[in-house]
Amino acid sequence: MFSLQGKSVVVTGGSKGIGRGIAAVFATAGANVAIAARSAVDLDSAVADLDGLGSGTVIGVSADVSQRDSCVAMAAEVVAAFGGIDVLCANAGIFPDAPLKSMTSEQLDQMLDTNVKGTFYSVQACLDALIASGRGRVVLTSSITGPITGFPGWTHYGASKAAQLGFMRTAAIELSPHKITVNAVLPGNILTEGIAEMGEDYIAQMARSIPAGALGEPADIGYAVAFLASDEAGYITGQTLTVDGGQVLPESPEALSSTGV
Ligand code: NAP
């Protein structure tokens with residue numbers, strides 16, 4: 001069951017954090033994995049880490065998901081390298097904060113260009129190859145923030161992550177005749193380079209809000225994505241899978257503090 005051996009997988013934002021965790025799970029399972037990001041230095045370093053985890057090949061592809069042409073070039077490079085695309089993990093995303101009152105048009109555009117348009121562009125660019133696969137899989141990295149929860153300073157981010165789910169539900173219907181599924185993972189707080197930049201106080205505060213008592217690891221998301229990308233998940237489409245150590249569950253701070261643990 002759940003063999004991903006030999007599958008051709010693209011992970012946008014695969015040079016760091018959650019994307020690198022997703023890539024590691026697929027690479028370990030014997031898939032051919034293309035990680036895409038903007039920084040060539042980070043791509044090289046991640047490829048060096050990932051290559052050799054499994055029997056497949058790992059390559060780095062320079063791409064900016066906020067640019068349609070760049071996504072088209074990314075898909076062409078992967079098809080040339082691996083002969084096709086079976087799985088697209090549309091994971092690249094940014095989360096700089098900006099209070100609503102002072103948020104500039106540039107800040108809003110940057111967020112929506114990367115997180116929302118980047119999802120559209122990367123899926124559109126890979127579509128012909130996913131159709132040719134005959135069992136294409138698209139797995140989006142959304143978030144609990146927006147679809148389920150809110151956090152001051154991240155209205156634009158929450159809107160972008162909720163927008164991905166609106167995209168997903170109609171794309172899932174449109175693409176089902178091609179046997180392509182479109183699903184999303186909703187991570188809670190996962191310890192990545194991006195989250196580490198927010199500082200120790202933020203991380204400690206977040207850990208206290210999670211019943212599991214600690215932030216998740218990129219591989220926690222990777223395993224969920226791998227399931228949604230498997231042949232066995234072929235009848236699941238347009239769905240979300242929250243991976244958050246129970247972070248969204250407590251009704252109140254008391255619900256969390258009275259666990260007795
Ligand atoms: P991260 O550590 O900052 O890594 C982000 C990755 O995305 C990097 O590889 C980055 O590489 C790439 N990227 C950013 N902008 C890009 C662009 N325009 N084109 C191509 N690649 C781009 O972030 P993360 O924490 O792993 O987050 C990854 C995803 O998970 C995001 O969609 C985020 O919203 C979501 N998420 C994260 C958490 C969390 O707790 N970490 C929780 C919920 C959801 P370059 O900068 O070199 O391009």
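Every number for a ligand or one of its atoms is a count from 1 in the order of the listing.
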As an exercise, identify every atom of ligand 1 less than 4.0 angstrom from a heavy atom of [X].
{"X": "N189", "answer": "40 (O)"}
{"X": "A92", "answer": "7 (O), 21 (N), 22 (C), 32 (O)"}
{"X": "G194", "answer": "1 (P), 2 (O), 3 (O)"}

*asked:* Taking the basic N atoms (NZ, or NE/NH1/NH2) and the acidic carboxylate oxygens, is any pair closer than 4.0 Å for D86 and R137?
replied: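 No, D86 and R137 are not salt-bridged.
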
*Short N-O contact, D109 and K117, less than 4.0 angstrom*: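 No.
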
Shortest protein contact, [atom] (heavy atom only):
{"atom": "atom 44 (C) of ligand 1", "result": "S142 O, 3.1 Å"}
{"atom": "atom 19 (N) of ligand 1", "result": "V65 N, 2.9 Å"}
{"atom": "atom 4 (O) of ligand 1", "result": "K16 CB, 3.7 Å"}
{"atom": "atom 40 (O) of ligand 1", "result": "I190 N, 2.8 Å"}
{"atom": "atom 42 (C) of ligand 1", "result": "G188 O, 3.0 Å"}
{"atom": "atom 5 (C) of ligand 1", "result": "G93 O, 4.0 Å"}
{"atom": "atom 26 (O) of ligand 1", "result": "I18 N, 2.8 Å"}

Any heavy atom of [X] closer to ligand 1 than 4.0 angstrom?
{"X": "S160", "value": "no"}
{"X": "S70", "value": "no"}
{"X": "K161", "value": "yes"}

Would you say ligand 1 has an N or O under 3.5 Å from any N or O of [X]?
{"X": "G19", "answer": "no"}
{"X": "S15", "answer": "yes"}
{"X": "D64", "answer": "yes"}
{"X": "I195", "answer": "no"}
{"X": "T192", "answer": "yes"}
{"X": "G13", "answer": "yes"}
{"X": "Y157", "answer": "yes"}
{"X": "R38", "answer": "yes"}
{"X": "A36", "answer": "no"}
{"X": "F95", "answer": "no"}

Modelled atom types, side-chain donor and acceptor of [X] and [Y], under 3.5 Å:
{"X": "T141", "Y": "N91", "value": "yes"}
{"X": "S66", "Y": "D64", "value": "yes"}
{"X": "Q5", "Y": "S3", "value": "no"}

*Could you pull out, from T141, N91, V185, the option with a heavy atom nearest to atom 28 (C) of ligand 1?*
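Ranked by closest heavy atom to atom 28 (C) of ligand 1, first place is N91.
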
*asked:* Using heavy-atom distances only, which candidate in A90, A40, A63, S39 approaches atom 20 (C) of ligand 1 most closely?
replied: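 Residue with the shortest heavy-atom distance to the ligand atom: A63.
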
*Mind running side-chain contact (heavy atoms from CB on, under 4.5 Å) on L53 and L50 for me, showing each step along the way?*
CA-CA 6 Å; L53 285 179; L50 296 167; 3.9 Å; yes

*Taking the side chain as every heavy atom from C-beta outward, state whether P96 and Q110 have any pair of such atoms under 4.5 Å apart.*
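Yes, close enough: below the 4.5 Å cut-off.
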
*asked:* With a 6.0 Å cut-off (strictly less than), is the heavy-atom count around CD of E217, excluding the residue itself, greater than 12?
replied: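 It does not: E217 CD has 12 such atoms or fewer within range.
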
*Hey, is CZ on F2 packed in by over 12 heavy atoms from elsewhere, all under 6.0 Å?*
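Yes, enclosed.
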
*Check against side-chain contact (heavy atoms from CB on, under 4.5 Å), R20 and S15*: CA-CA 5 Å; R20 196 171 57 205; S15 64; over 6 Å; no

*Do the rings of F95 and Y157 sit parallel, tilted or perpendicular, given the 30° and 60° boundaries?*
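The arrangement is perpendicular - the two ring planes meet at more than 60°.
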
*Just do the side-chain contact (heavy atoms from CB on, under 4.5 Å) check on S70 and V65 with the steps written out, would you?*
CA-CA 7 Å; S70 184; V65 296; over 6 Å; no

*asked:* Does L140 form a side-chain contact (heavy atoms from CB on, under 4.5 Å) with V185? I'd like the steps, not just the answer.
replied: CA-CA 6 Å; L140 312 176; V185 286; over 6 Å; no

_Interatomic spacing from OG in S8 to CZ in F26 - rounded to 0.5 Å_ =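 Between S8 OG and F26 CZ, I get 11.0 Å after rounding to 0.5 Å.
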
*Please say which of L241, T240, T145 ends up in a side-chain contact (heavy atoms from CB on, under 4.5 Å) with L186.*
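Among the candidates, only T240 passes.
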
